[in-house]
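Remember, predicted model here, so these are calculated numbers, not experimental data.
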Amino acid sequence: MKRRLSFQVKLFLALVCFSCLLLVLLGTILFHFIDRQLHHDLGQRARVQASQIALMPGLAAMVAARDIPGIARLIQPLRAQSDASYIVIGDTQEQHLYHSESPERINLPMIGGDNAEVLKGKTIISVRQGGIGVSLRSKAPIFNAQHQVIGIVSVGYLTSYIANINARILWQSGLYGAALLLLLFMFSWLFTRNLKKQMFRLEPKDIAQLVLQQRALLEAMYEGVFAVNEEKQLILINRAAREMLDIRQSEKDLIGKPLEDVLQTSPGFLSQRYASVSAGSHDQIAVLNQREVIVNRVAIEVEPGVESGWVYSFRDKNDINTLSSQLSQIKRYADNLRIMRHEQLNWTATLVGLLQMKHYDEAIRYIQVQSEGAQRVLDFVSARFSSPALCGLLLGKYVSAREKGIELLFDPACQLTRMPATLNETELMSVIGNLLDNAVDATLKAPVPAPVELYISDRNQELLIEVADRGCGVEDAMKPHIFRQGFSSKPDSENDIVGTEHGIGLYLVAGYIDKAGGTIEIADNTPQGTIFSVFIPNGQKHDPST
């Protein structure tokens, strides 16, 4: 099977052939201009010399007297200094009186047939066949005292002399051309090799196939995908992205536009926080065209460490990956229900035993003691919080903490009458539930368990949530990383036993707060422990019970 030339070799040969053709064409044009300029310059030089010789003192008298030896003595010194091929003096009968190169032509007719204009008193330049060959010559008339033409001066350059000059110029130009051609060879080879390197050593047909495969793959993907260059201009977007974000324009109409002209993004989506991590970022909660999505970002690196753009893939927040992240919170709700059921079974068993033994008075007192604390918490929570779901969560967390030996204290000033517009009920329960679980876990590590304190208030222009514990605290070095997905202060072995939910709770908290436009602060508690403070702007409020 015949082996085809590679793209690099084909491009190299094409560049070399084109360069050679260009040099030949350029050399031909240049030679033509040089030859024409040389003829012009030598013609003018011959004209000047002929005119000066015709004006030499004594020459007119010698020509009129046909003093051939005298003319020779007068002109010979000039001939030695002139670069002309010959100098000829003739009379009005067009006969030679002096010939610098052929003395034997004295008294013979002048050849060429171009003397008529000269005899009329004009100086001419012509190319004619002379006695010693074809030449470029200039002829000037010799005038007497009465200003009558009495002779002719002819100064000429043989075309063979001109050809030698051209050959010399052509030889020198050829050397420079060869050097230039060698440089063109080197440049062409380096250029094609670098181009092939930038093409990842692929042939054009391979690149075309990859482009078609990439287009088919992007169109077949369920996830939305778009890419931007360094100037934040859109360079790629697939069909799923346009459908998911309700973009009516075609990909061709969108390419090259700034991303902010195509998408309405959440604050800081393309800020330094997202664009500074070369390794990319994963599972970031963002809002694109007023739709909550989970975004992954990967840098486009033409060279290692040099970013030339970014690729973003995203999916709807309610897909399977997001539901998997929320599963940890649902599991906690189930655990709370199990704990409450277990405690109720214990109460019921105790009560049944007292009744079977007919200790009715003790049974009544037991019911009063058990219900007094629970009823007090129930009355407080239901009176201070308007969300039934939030009340159920807080009661479950209260019972769960008590079973673990931790007391959950509610600040008497707690109050939540309306939900902020930027945070729905489920997200608020996730924020509060994860913060309480984190506080209880930290308190269990303390040598002496202490109460966990909760304060929720919407009295001012923002919703304030504070959870304070007296546990092991958070080291300053860990504070910048505590809200990162997958981060956990627990040992790896403990994480393996507990499950995969560690490192997700606080990450979800930070994501919901950031989406709502709020902030979260970490401070040290006194004498030990940590205080988490959440500030969420109220905006336009809505009633969660409606």
Indicate yes or no: at least one non-hydrogen side-chain atom of [X] is less than 4.5 angstrom from one of [Y].
| X | Y | value |
| --- | --- | --- |
| Ile125 | Leu136 | yes |
| Lys257 | Gln249 | yes |
| Arg137 | Val88 | no |
| Asp91 | Arg66 | yes |
| Pro258 | Lys232 | no |
| Arg315 | Val293 | no |
| Ile536 | Pro420 | yes |

Residues 18-32 side chain polar contacts: donor-acceptor under 3.5 Å, at least two apart:
unit_1	atom_1	unit_2	atom_2	d
Ser19	OG	Leu15	O	2.7
Thr28	OG1	Val24	O	2.8

Ion pair Glu117/Lys139, N-O distance below 4.0 Å: no

Using a strict threshold of under 4.0 Å (side-chain N to carboxylate O), is an ion pair present between Asp83 and Arg45? yes

Hey, are Ser82 and Gln49 close enough side-chain-wise for a donor-acceptor pair under 3.5 Å? yes

Side-chain donor-acceptor pair under 3.5 Å between Ser430 and Tyr512, yes or no? no

Which pair of heavy atoms, one from [X] and one from [Y], lies closest together, and at what distance?
| X | Y | answer |
| --- | --- | --- |
| Ile150 | Val63 | O-CG1, 3.3 Å |
| Tyr312 | Val228 | CE1-CG2, 3.9 Å |
| Asn289 | Leu263 | OD1-CA, 3.4 Å |

Just by distance, do the side chain of Asn238 and the backbone of Val225 share a donor-acceptor pair under 3.5 Å? yes

How long is the span from the CD1 atom in Ile162 to the OG atom in Ser85, to the nearest 0.5 Å? 7.5 Å

Could you tell me how the ring of [X] sits relative to the ring of [Y]: parallel (under 30°), tilted (30 to 60°) or perpendicular (over 60°)?
| X | Y | result |
| --- | --- | --- |
| Phe314 | Phe226 | tilted |
| Tyr86 | His99 | parallel |
| Phe143 | His147 | parallel |

Applying side chain to side chain contact (heavy atoms under 4.5 Å, CB included) to Ile111 and Arg105, what does each step give before you reach the verdict? CA-CA 11 Å; Ile111 301 174; Arg105 298 190 62 82; 3.1 Å; yes

More than 12 foreign heavy atoms under 6.0 Å from CZ of Phe535: is that the case here? yes

